[in-house]
*Asks:* 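Below you will find the structure I want to go over with you.
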Amino acid sequence: MRLTRKKPQLIFKLATGLCAFTLLGPVTALAADGLSYSYLQVGYVNLNIDEVGDSGSLLDDIDNGGGWAASGSFAISPNWFAFTQYSVTDSDVSFTDDQSLYFNSNTDINRLDLGFGFHSAMSKTTDLVFRIAYTDVDTDGFNFGGSSDTSLNDLNDDSSDGYFVDAAIRSQFTERMEGSLGLRYTDLEHIDNLSLIANVMHEFTPKVGLNFSLEAGNDISSFLIGLRYSF
């Protein structure tokens, strides 16, 4: 996957709009009871990315692959938080190059998400959450940013970056159970993906919980099972 600079004007407008919403909205509202925006999490992740290149068959599939992910979220004000996630999954990659030659390889898929979010309480137990993030996906070794090489023959020099924005409703269902449901738009290389996002977490204690997250879209889908420590 090669680098194409992803609509910086749109990212700026989204960020500006979110800031405007903050100024006009209930910025003094804290998080709903039981919901923490400061946590660390590690767990198992399964990632599937399907991409079609310019010719319609340039990159056929980065297939299902399992691996690990580490993530964190950190409250930086009563309503704002920063978050990040890094994952490595083992996947089978198959593609057809410009000369219609078919290649198949087993490789690692490395993904970094880095962004910030805003939340506002809708009720005592429910928040409305918006997020925007830079996302970078590389094969067989992580390289920050994109690659100037437009060929996929060298999988070691294959990188792609972009962004995603999402919105979700997050709620504390019971004393020991929370969950969220929302939509995410991802713009990554040739992928424009709209996906459903959801998570459910069972809290063993107020600080420790087992979390299950899901992203379901046409081009990008994943699920994660992780242990979360909130603080």
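Only heavy atoms go into these numbers, but all of them, side chains included; no hydrogens, no water, no symmetry mates.
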*Asks:* Hey, could you give me the OG1/CD1 distance between Thr89 and Ile109, rounded to the nearest 0.5 Å?
*Replies:* 5.5 Å
*Asks:* Rounded to the nearest 0.5 Å, how far apart are OG of Ser171 and CG of Leu128?
*Replies:* 12.0 Å
*Asks:* Return each pair, listed once, that meets side-chain hydrogen bond (donor to acceptor under 3.5 Å, both in side chains) where at least one residue sits in residues 205-215; pairs must be two or more places apart or across chains.
*Replies:* Gln41-Asn211, Arg184-Glu215, Ser195-Glu215, Asn199-Asn211, Asn211-Ser213
*Asks:* Would you give the length of the straight line joining atom CG of Leu35 to atom OG of Ser180, rounded to the nearest 0.5 angstrom?
*Replies:* 9.5 Å
*Asks:* Leu224: which other cluster members, linking ILVMFWY side chains closer than 4.5 Å, directly or transitively?
*Replies:* Val45
*Asks:* Okay, side chain of Asp127, backbone of Ala32: is any donor-acceptor separation there less than 3.5 Å?
*Replies:* yes
*Asks:* So which pairs with a foot in residues 168-183 pass salt bridge (Lys or Arg N to Asp or Glu O under 4.0 Å), sequence neighbours left out?
*Replies:* Arg170-Glu178
*Asks:* Considering residues at least two apart in sequence or located in another chain, which fulfil the ring-ring contact (aromatic ring centres under 6.0 Å, His included) criterion with Phe231?
*Replies:* none
*Asks:* Tell me every residue that passes side-chain contact (heavy atoms from CB on, under 4.5 Å) with Ala198, counting only those two or more places apart in sequence or in another chain.
*Replies:* Leu181
*Asks:* Establish whether Ile169 and Phe118 are linked, either directly or via other cluster members, by ILVMFWY side-chain heavy-atom contacts under 4.5 Å.
*Replies:* yes
*Asks:* Would you call the rings of Phe223 and Tyr44 parallel, tilted or perpendicular, taking 30° and 60° as the class edges?
*Replies:* tilted
*Asks:* If you define the side chain from C-beta out and look only at heavy atoms, does anything of Arg131 sit under 4.5 Å from Phe83?
*Replies:* yes
*Asks:* For the residue pair Arg111 and Ile220, establish whether any side-chain heavy-atom pair is separated by less than 4.5 Å.
*Replies:* yes
*Asks:* Can you tell me how far the CZ atom of Phe164 sits from the CG atom of Asp166, to the nearest 0.5 Å?
*Replies:* 5.5 Å
*Asks:* Do Leu112 and Trp68 land in one hydrophobic cluster if side-chain heavy atoms of ILVMFWY residues count as linked below 4.5 Å?
*Replies:* yes
*Asks:* Nearest 0.5 angstrom please: Leu188 CG to Asp161 CG, how far?
*Replies:* 7.5 Å
*Asks:* Suppose we screen for side-chain contact (heavy atoms from CB on, under 4.5 Å). Which residues come up paired with Leu210, at least two apart in sequence or across chains?
*Replies:* Phe204, Ile225
*Asks:* For Ser123, enumerate each residue passing the side-chain contact (heavy atoms from CB on, under 4.5 Å) test, keeping only those at least two apart in sequence or located in another chain.
*Replies:* Thr125, Thr126
*Asks:* So, using side-chain hydrogen bond (donor to acceptor under 3.5 Å, both in side chains) as the criterion, who are the partners of Tyr39 when residues are at least two apart?
*Replies:* none
*Asks:* Just jot down the side-chain hydrogen bond (donor to acceptor under 3.5 Å, both in side chains) partners of Ser71, sequence neighbours excluded, or say none.
*Replies:* none
*Asks:* Quick check for you: to the nearest 0.5 Å, what is the distance between Ser221 atom OG and Asn46 atom CG?
*Replies:* 7.5 Å
*Asks:* According to a 4.5 Å side-chain heavy-atom criterion applied to Ile, Leu, Val, Met, Phe, Trp and Tyr, with indirect links allowed, do Phe212 and Val208 form part of one hydrophobic cluster?
*Replies:* yes
*Asks:* So, using side-chain hydrogen bond (donor to acceptor under 3.5 Å, both in side chains) as the criterion, who are the partners of Asn193 when residues are at least two apart?
*Replies:* none
*Asks:* State which residue, out of Phe74, Trp80, Phe130, fulfils the side-chain contact (heavy atoms from CB on, under 4.5 Å) condition with Phe116.
*Replies:* Trp80
*Asks:* For Tyr37, what residues pass the ring-ring contact (aromatic ring centres under 6.0 Å, His included) criterion, not counting sequence neighbours?
*Replies:* Phe81, His119
*Asks:* State, yes or no, whether a side-chain contact exists between Val137 and Asn110 at a heavy-atom distance under 4.5 Å.
*Replies:* no
*Asks:* Answer yes or no: is there a side-chain heavy-atom contact under 4.5 Å between Tyr134 and Tyr163?
*Replies:* no
*Asks:* For Thr84 versus Asp113, what's the shortest heavy-atom pair and its separation?
*Replies:* OG1-O, 2.9 Å
*Asks:* Using a 4.5 Å cut-off between side-chain heavy atoms of Ile, Leu, Val, Met, Phe, Trp and Tyr, which other residues end up in the same hydrophobic cluster as Val200?
*Replies:* Phe173, Met177
